[in-house]
Amino acid sequence: MIYADNAATTKMSDAAIDAMTDCMRNTYGNPSSLYEVGQRAKEVLEDARDEIIKAIGADNFREIIFTSGGSEADNQALRTAAEIGRAAGKMHIISSAFEHHAILHTLNKLEKEGFEVTYLDVHEDGLVRSEEVEAAIRPDTCLVTIMYANNEIGTIQPIREIGAICRAKGVLFHTDAVQAIGHIPVNVKDDNIDMLSASAHKFHGPKGTGFLYVRKGIKISNLIEGGAQERGKRAGTENVPGIRATAVALKDAIAHMEENDKIIRAKRDRLIAGLKEIPHSAINGDENKRLPGNVNFCFEGIEGESLLLLLDDKGIQASSGSACTSGSLDPSHVLLAIGRVHDVAHGSLRLSIDETISDEDVEYIINAVKEVVTYLRSFSPIWRDLVAGKKEFIL
Amino acid sequence: MIYADNAATTKMSDAAIDAMTDCMRNTYGNPSSLYEVGQRAKEVLEDARDEIIKAIGADNFREIIFTSGGSEADNQALRTAAEIGRAAGKMHIISSAFEHHAILHTLNKLEKEGFEVTYLDVHEDGLVRSEEVEAAIRPDTCLVTIMYANNEIGTIQPIREIGAICRAKGVLFHTDAVQAIGHIPVNVKDDNIDMLSASAHKFHGPKGTGFLYVRKGIKISNLIEGGAQERGKRAGTENVPGIRATAVALKDAIAHMEENDKIIRAKRDRLIAGLKEIPHSAINGDENKRLPGNVNFCFEGIEGESLLLLLDDKGIQASSGSACTSGSLDPSHVLLAIGRVHDVAHGSLRLSIDETISDEDVEYIINAVKEVVTYLRSFSPIWRDLVAGKKEFIL
Amino acid sequence: MALYSEKVMDHFRNPRNVGVIEDANGVGEVGNAKCGDIMKMYLKIENDIVEDVKFETFGCGSAIASSSMATEMIKGKPLSEVRELTNKAVAEALDGLPDYKMHCSVLAEEAIKSALEDYEKRKSENNS
Amino acid sequence: MALYSEKVMDHFRNPRNVGVIEDANGVGEVGNAKCGDIMKMYLKIENDIVEDVKFETFGCGSAIASSSMATEMIKGKPLSEVRELTNKAVAEALDGLPDYKMHCSVLAEEAIKSALEDYEKRKSENNS
Ligand SMILES: Cc1ncc(COP(=O)(O)O)c(C=O)c1O
Ligand SMILES: Cc1ncc(COP(=O)(O)O)c(C=O)c1O
């Protein structure tokens with residue numbers, strides 16, 4: 001089996017599993033308890049927080065709030081900015097058209113509460129333009145939220161420039177870095193980031209843990225009210241084993257980032273070159289400004305779900321922006337946002353690889369995709385019309 | 001070491017740890033993915049949901065939403081009822097004075113949003129009176145939320161009667177059953193419960209998972225917006241290993257509930273009898289209508305934190321409603337709610353045991369507490385005044 | 001709990017009656033690329049019997065499986081029976097479809113109806 | 001990261017100068033049971049030197065440790081020095097206290113100050 005869907009979720013590293021299991025067995029105390037097993041749990045918790053701080057270039061333990069994942073972190077970040085904005089009478093937010101739904105749906109909710117949201121174009125290359133961010137900032141803008149790297153097409157946004165613009169204009173800047181953290185260098189200071197969301201299961205950590213970075217001095221709003229955990233900013237008994245495993249996984253990811261980057265990038269580029277040989281196909285998003293492991297293509301004349309199922313039969317696990325994989329009628333909002341028309345957006349394939357993939361796997365995938373695309377086109381009425389000249393090729 | 005703080009958190013069962021580890025290693029897929037590892041994860045997720053449904057007497061898989069724990073479930077339940085209430089112009093909520101902070105702090109937030117909350121008295125025995133619930137219900141009441149069993153003093157509320165009253169009056173009824181689930185029989189149908197919160201780490205399951213039961217037909221509001229997980233009612237990649245371990249732990253707890261209940265109850269009663277021998281002490285909460293493992297006492301003339309630290313030195317891990325253990329100045333709101341005055345409330349001890357405790361442990365605890373209380377009283381200026389007759393004994 | 005039943009997967013993996021009938025006397029195409037599903041049915045009808053049927057489909061696994069199953073269900077059948085074919089029957093023959101995929105069986109029914117209409121139209125044109 | 005430093009735990013577990021001085025010439029009590037902390041200091045002062053000191057405390061671990069440390073810091077010391085004792089010095093001597101426990105060191109300082117006042121008052125009463 002070749003697992004090529006690391007953007008959906010990753011397999012936990014053995015080190016993270018071991019750390020988690022050890023902690024579940026031996027450090028089961030509640031960190032709020034003052035006896036020994038409790039204080040040991042607290043120590044594990046705070047050590048993990050220190051690791052996370054180091055990993056993202058922060059410097060204060062008060063700047064990290066552990067959450068149940070990326071979605072919760074995104075929700076809390078936006079809620080925090082909204083409360084600050086509301087209090088200041090600033091009800092305008094800037095975002096992009098291809099954010100994750102954890103951002104988009106929360107923005108929809110805020111729009112219902114009276115906020116106005118500008119969704120910036122992400123252009124054909126899948127990149128937000130920092131000039132356009134600057135131009136969109138108004139006196140009543142309380143937040144700019146732009147993802148670090150897109151989860152479908154992997155394009156890496158000009159975060160540092162956007163951050164600098166926001167800092168200069170005195171506007172809060174949040175980035176959903178769920179796909180970036182552990183994969184490419186992220187430094188909240190150098191990047192001028194005020195708030196950042198991360199999710200552990202995207203970097204070989206456990207599911208159900210993530211964190212929110214909030215720069216010192218920003219008043220955090222709760223999403224979950226209750227006990228005094230996380231300095232009163234996020235209630236609920238801390239998931240100590242999960243948090244420890246998160247820190248272990250992130251430390252590992254960063255320690256091996258450079259070497260893994262080289263390996264993954266080479267395979268990614270080979271995959272891209274191989275798939276480009278398929279006629280009437282196109283890569284989605286800028287070919288270079290993308291995550292080292294992300295490959296995303298559209299193939300004209302076929303539909304993504306059937307492509308995935310046939311690849312699954314060949315032992316390849318991948319994903320698609322096809323509407324059919326999500327139960328909706330519209331294909332991925334990300335592909336639509338970069339200007340792919342519906343017909344073509346339905347026929348997309350995302351391969352997100354990690355460093356464990358072999359050269360043979362890569363060649364196997366290229367051949368399998370070629371084969372399956374050819375097969376599906378062989379009885380596609382659209383393809384017949386395209387070939388017969390009854391319809392014009394888009395790609 | 002004797003761990004006697006199971007109300008704070010429990011040690012995970014070996015079965016739950018094994019289920020979790022196995023799942024982390026082998027079923028790492030994202031349940032939203034349509035290939036094989038994804039669909040296997042989905043299967044594990046839905047099997048777990050089925051187990052939970054059975055465990056609480058529900059009958060529809062749509063009635064369970066997995067959350068990151070009890071606090072999130074409490075927040076979402078209250079948010080759900082509030083939205084329904086607001087839409088219907090019903091802005092009154094009934095609760096009790098000694099709910100968990102996940103409830104109380106959310107209620108405070110709702111009060112700021114315009115809701116009116118009646119906090120019912122819990123009387124000296126730590127019990128809400130169902131007649132008082134009935135009397136408090138008004139035409140504009142949208143929710144009654146009363147915990148199943150209190151987390152500090154373990155008193156079990158007349159949930160079935162309250163549920164019947166709410167059902168008859170057409171008012172939504174939520175119960176925070178975090179301390180009850182897995183320890184005493186709970187059946188959402190028999191108990192007329194509309195919404196119920198639970199947290200896995202209180203029944204030997206993992207930290208960072210819990211669930212919210214919402215009876216079919218009630219429109220659920222999101223706390224976390226984003227992806228379509230949990231039928232769109234709770235976004236975030238599902239913590240499949242944690243959810244599986246939750247189901248395993250709960251199934252186990254229920255399978256052994258009857259036998260464990262007998263064992264634990266006998267030890268609890270011996271503990272109570274032993275501690276009663278300490279002069280000027282008193283049990284907190286009704287002696288019988290309490291969780292099988294809960295023992296809670298006040299000892300006059302001493303302070304709880306120093307008691308806990310000295311017990312910790314003797315290898316006993318327990319908890320207190322002392323202000324000093326929480327970093328606040330006020331002692332436990334629960335003890336104040338049952339009418340303990342501040343002086344006495346500071347000197348409390350909670351022992352919450354499980355079935356693994358031995359008879360020797362029980363005797364050891366009794367002797368240790370006697371010893372430590374006597375020691376602390378020996379240099380307590382309050383105790384001196386009490387003994388000298390300068391102050392009157394309260395207990 | 002696989003996404004699809006074994007039957008669906010079988011028809012998806014080994015679709016029956018795939019292709020084109022060059023001398024079809026009834027052809028129907030339904031769906032549109034925008035929604036991600038297009039089904040095209042070719043019928044060869046003789047003496048009010050579906051002597052041959054083939055399909056082409058652009059669409060997801062259940063769309064391909066529904067097309068395949070539908071062609072099997074009508075092949076060799078008299079038109080009177082073919083006209084009675086419902087999407088529910090197709091879905092049932094596949095041992096069920098996920099709720100949000102039922103529209104694929106609807107497309108199959110519609111594709112056949114559309115091909116039948118084409119056949120009737122051609123017939124009446126030939127007769128006139 | 002234990003809750004308390006080793007020093008705090010040592011003074012909590014083995015408090016120095018616990019008890020009562022029956023013939024104390026300066027006694028101070030501060031805090032109140034409502035807040036969960038009462039500290040009582042007994043001083044035996046001779047020739048402007050704290051010849052003996054004992055304490056009784058109702059309170060948490062850091063309250064007991066602060067009392068104990070404070071008594072050690074003033075025992076045998078001239079009043080001029082005792083008057084300079086600050087809560088910060090007590091906390092530092094304990095290798096620090098958690099932020100929300102600093103008030104325990106404040107109580108210790110206040111208890112000593114209160115006992116000194118009592119001593120001064122008695123002295124002036126005796127002198128008059
Ligand atoms: C009664 C009660 N409700 C809610 C909670 C919150 O649960 P969690 O810490 O898992 O969020 C707890 C435990 O802390 C509890 O005892
Ligand atoms: C960019 C991005 N943001 C947010 C999320 C949400 O993370 P989680 O599923 O851990 O809540 C994801 C992944 O699903 C993501 O890719």
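Protein chains get the first letters and strands the later ones, always in sequence-line order, with residue 1 at the start of each.
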Option that, when pairs with chain B are counted at under 4.5 Å, heavy atom only, ranks first among S319(A), G69(A), G29(A)
G29(A)
Check whether any side-chain heavy atom of Q179(A) lies under 4.5 Å from a side-chain heavy atom of K202(A), and answer yes or no.
yes
With a 4.5 Å cut-off on heavy-atom pairs, point out which of S71(A), G315(A), G227(A) contacts chain B the most.
S71(A)
Of the non-hydrogen atoms in I243(B) and T209(B), which two are nearest, and what is the gap between them?
N-CG2, 4.0 Å
For the interface with chain B, which of M12(A), M1(A), R25(A) has the highest count of heavy-atom pairs at distances below 4.5 Å?
R25(A)
Which pair of heavy atoms, one from A249(B) and one from F203(B), lies closest together, and at what distance?
CB-O, 3.6 Å
Most chain B-contacting option - heavy-atom pairs closer than 4.5 Å, from D74(A), T106(A), D5(A), L311(A)
D5(A)
Closest non-hydrogen atom pair, A41(A) against V240(A)
O-CG1, 3.8 Å
Walk me through whether Y3(A) and K11(A) qualify under side-chain contact (heavy atoms from CB on, under 4.5 Å).
CA-CA 9 Å; Y3(A) 186 71; K11(A) 192 172 188 317; 5.8 Å; no
Which answer fits D18(B), side chain, backbone, both or neither, if we ask what part of it has an atom under 4.5 Å from a heavy atom of chain A?
side chain
I'd like to check L351(A) versus L349(A) (side-chain heavy atoms, cut-off strictly below 4.5 Å). Are they in contact?
yes
Heaviest contributor of heavy-atom pairs below 4.5 Å to chain A, chosen from G236(B), P206(B), A102(B), G208(B), is A102(B)
Between atom CD of E83(A) and atom CG of L78(A), what is the distance when rounded to the nearest 0.5 Å?
11.5 Å
Which atoms of S33(B) approach chain A - backbone, side chain, both or neither, heavy atom under 4.5 Å:
side chain
Determine whether a donor-acceptor pair (N or O, by modelled atom type, separation under 3.5 Å) exists between the side chain of R350(A) and the backbone of N151(A).
yes
Can you say whether K109(B) sits under 4.5 Å from chain A via the side chain, the backbone, both, or neither, judging by heavy atoms?
side chain
Heavy-atom pairs under 4.5 Å with chain B are the metric here; pick the option from G242(A), G210(A), A318(A) that has the most.
A318(A)
Okay, A16(B) and chain A: the region with an atom under 4.5 Å from a heavy atom over there is neither
Side chain, backbone, both or neither of E238(B) within contact of chain A (heavy atoms, under 4.5 Å)
backbone
Part of N239(B) lying under 4.5 Å from any heavy atom of chain A:
both
Does any heavy atom of chain A fall under 4.5 Å from the side chain of R79(B), the backbone, both, or neither of them?
neither
Which pair of heavy atoms, one from Q317(A) and one from D312(A), lies closest together, and at what distance?
NE2-OD1, 2.9 Å
Relative to chain B, which of T9(A), N75(A), I316(A), N108(A) shows the most heavy atom pairs under 4.5 Å?
N75(A)
